[in-house]
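In what follows, residues are counted from 1 in the order of the sequence shown. No hydrogens, no waters, no symmetry mates; every other heavy atom, side chains included, goes into these values.
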Amino acid sequence: MKVDLPTLQGFFASAPFMADLGVQATGGEAGRVRTALTLAPRHLQHTGVVHAGVMASIADHTMGAAAQTMAPDGFWIVTAEFKTTLLRGARGVRLECEAWVLRAGRQLSFAEAEVYAVAADGQRTLAVKAAGTMALIAAQG
């Protein structure tokens, strides 16, 4: 996978669920990807904080994208397993996520991510830590 911003943005735009959530790539290089999501009422749960599923989803797909940047041509990355630790409720105007590959293997890669809630004044607060095992599968067709 070519690692430049337009390619990363296309990768996220091609995933219908990420596009529907509004997650966008904001940068990256081989083994590291950054994403963001402008928060809307539809991303919140009944208590007014960002739904855990939204934060887990941005962490998962960003980790997968980081692993995809290191995958050989002809292979896709799919999540085999991931864990999220919710450190605090997220409030703000935006989520920012950064994910990085700790180990890229021939069949499995291991990645981590952090999700930050960003306030209107730009203050970032760490809300989620995540770790994932990503599997490489041969691309079809």
Only pairs under 3.5 Å count here: list side-chain donor-acceptor contacts from residues 7-23, not counting sequence neighbours, and write none if there are none.
| unit_1 | atom_1 | unit_2 | atom_2 | d |
| --- | --- | --- | --- | --- |
| Thr7 | OG1 | Asp4 | OD1 | 2.6 |
| Ser14 | OG | Gly10 | O | 3.4 |
| Ser14 | OG | Phe11 | O | 2.8 |

| Sequence neighbours excluded, every pair satisfying salt bridge (Lys or Arg N to Asp or Glu O under 4.0 Å) that has a member inside residues 77-89 |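 Counting only pairs at least two positions apart or across chains, no salt bridge (Lys or Arg N to Asp or Glu O under 4.0 Å) contact touches residues 77-89.
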| Which salt bridge (Lys or Arg N to Asp or Glu O under 4.0 Å) pairs, counting each pair once, include a residue from residues 100-113, with sequence neighbours left out? |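 Qualifying pairs: none.
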Could you tabulate the donor-acceptor pairs under 3.5 Å formed by side-chain atoms of residues 116-132, not counting sequence neighbours?
| unit_1 | atom_1 | unit_2 | atom_2 | d |
| --- | --- | --- | --- | --- |
| Tyr116 | OH | Glu114 | OE1 | 2.7 |
| Asp121 | OD1 | Gln123 | N | 2.9 |
| Arg124 | NH1 | Glu96 | OE1 | 2.6 |
| Lys129 | NZ | Glu114 | OE2 | 2.9 |

| request: Please report the shortest heavy-atom distance between Leu136 and Pro72, naming the atom on each side. | output: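 Scanning both residues, the minimum pair turns out to be CD2-CD, 3.4 Å.
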| Which atoms form the tightest heavy-atom contact between Ala67 and Ile77, and what is the distance? |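 Residues Ala67 and Ile77, closest heavy atoms: C-CG1, 3.7 Å.
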Consider only side-chain heavy atoms of I, L, V, M, F, W and Y, link residues closer than 4.5 Å, and tell whether [X] and [Y] are in one cluster.
X	Y	answer
Phe75	Met70	no
Met1	Leu5	no
Leu95	Val33	yes
Phe82	Leu37	no

Contacts under 3.5 angstrom, residues 50-63 side chains, donor-acceptor by atom type, not counting sequence neighbours:
| unit_1 | atom_1 | unit_2 | atom_2 | d |
| --- | --- | --- | --- | --- |
| His51 | ND1 | Gly53 | N | 2.8 |
| Ser57 | OG | Gly53 | O | 2.7 |
| Asp60 | OD1 | Thr79 | OG1 | 2.6 |
| Thr62 | OG1 | Thr35 | OG1 | 2.8 |
| Thr62 | OG1 | Ile58 | O | 2.6 |

| said: Could you measure the distance from the CZ atom of Arg94 to the OG1 atom of Thr38? Nearest 0.5 Å is fine. | reply: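 So the gap between those two atoms works out to 5.5 Å.
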| query | Measuring from Leu39:CG to Arg91:CZ, what's the distance to the nearest 0.5 Å? | reply |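 Nearest 0.5 Å value for the CG-CZ distance: 11.5 Å.
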| said: Within the supplied structure, the quantity of interest is the number of heavy atoms (other residues, nucleotides, ligands) at a distance under 6.0 Å from Trp100 CH2; does it exceed 12? | reply: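 Yes, CH2 of Trp100 has more than 12 neighbouring heavy atoms, counting only those of other groups under 6.0 Å.
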Quiz: residues 24-32 side-chain donor-acceptor pairs under 3.5 angstrom, not counting sequence neighbours:
| unit_1 | atom_1 | unit_2 | atom_2 | d |
| --- | --- | --- | --- | --- |
| Thr26 | OG1 | Arg34 | O | 3.2 |
| Arg32 | NH1 | Glu98 | OE2 | 2.7 |

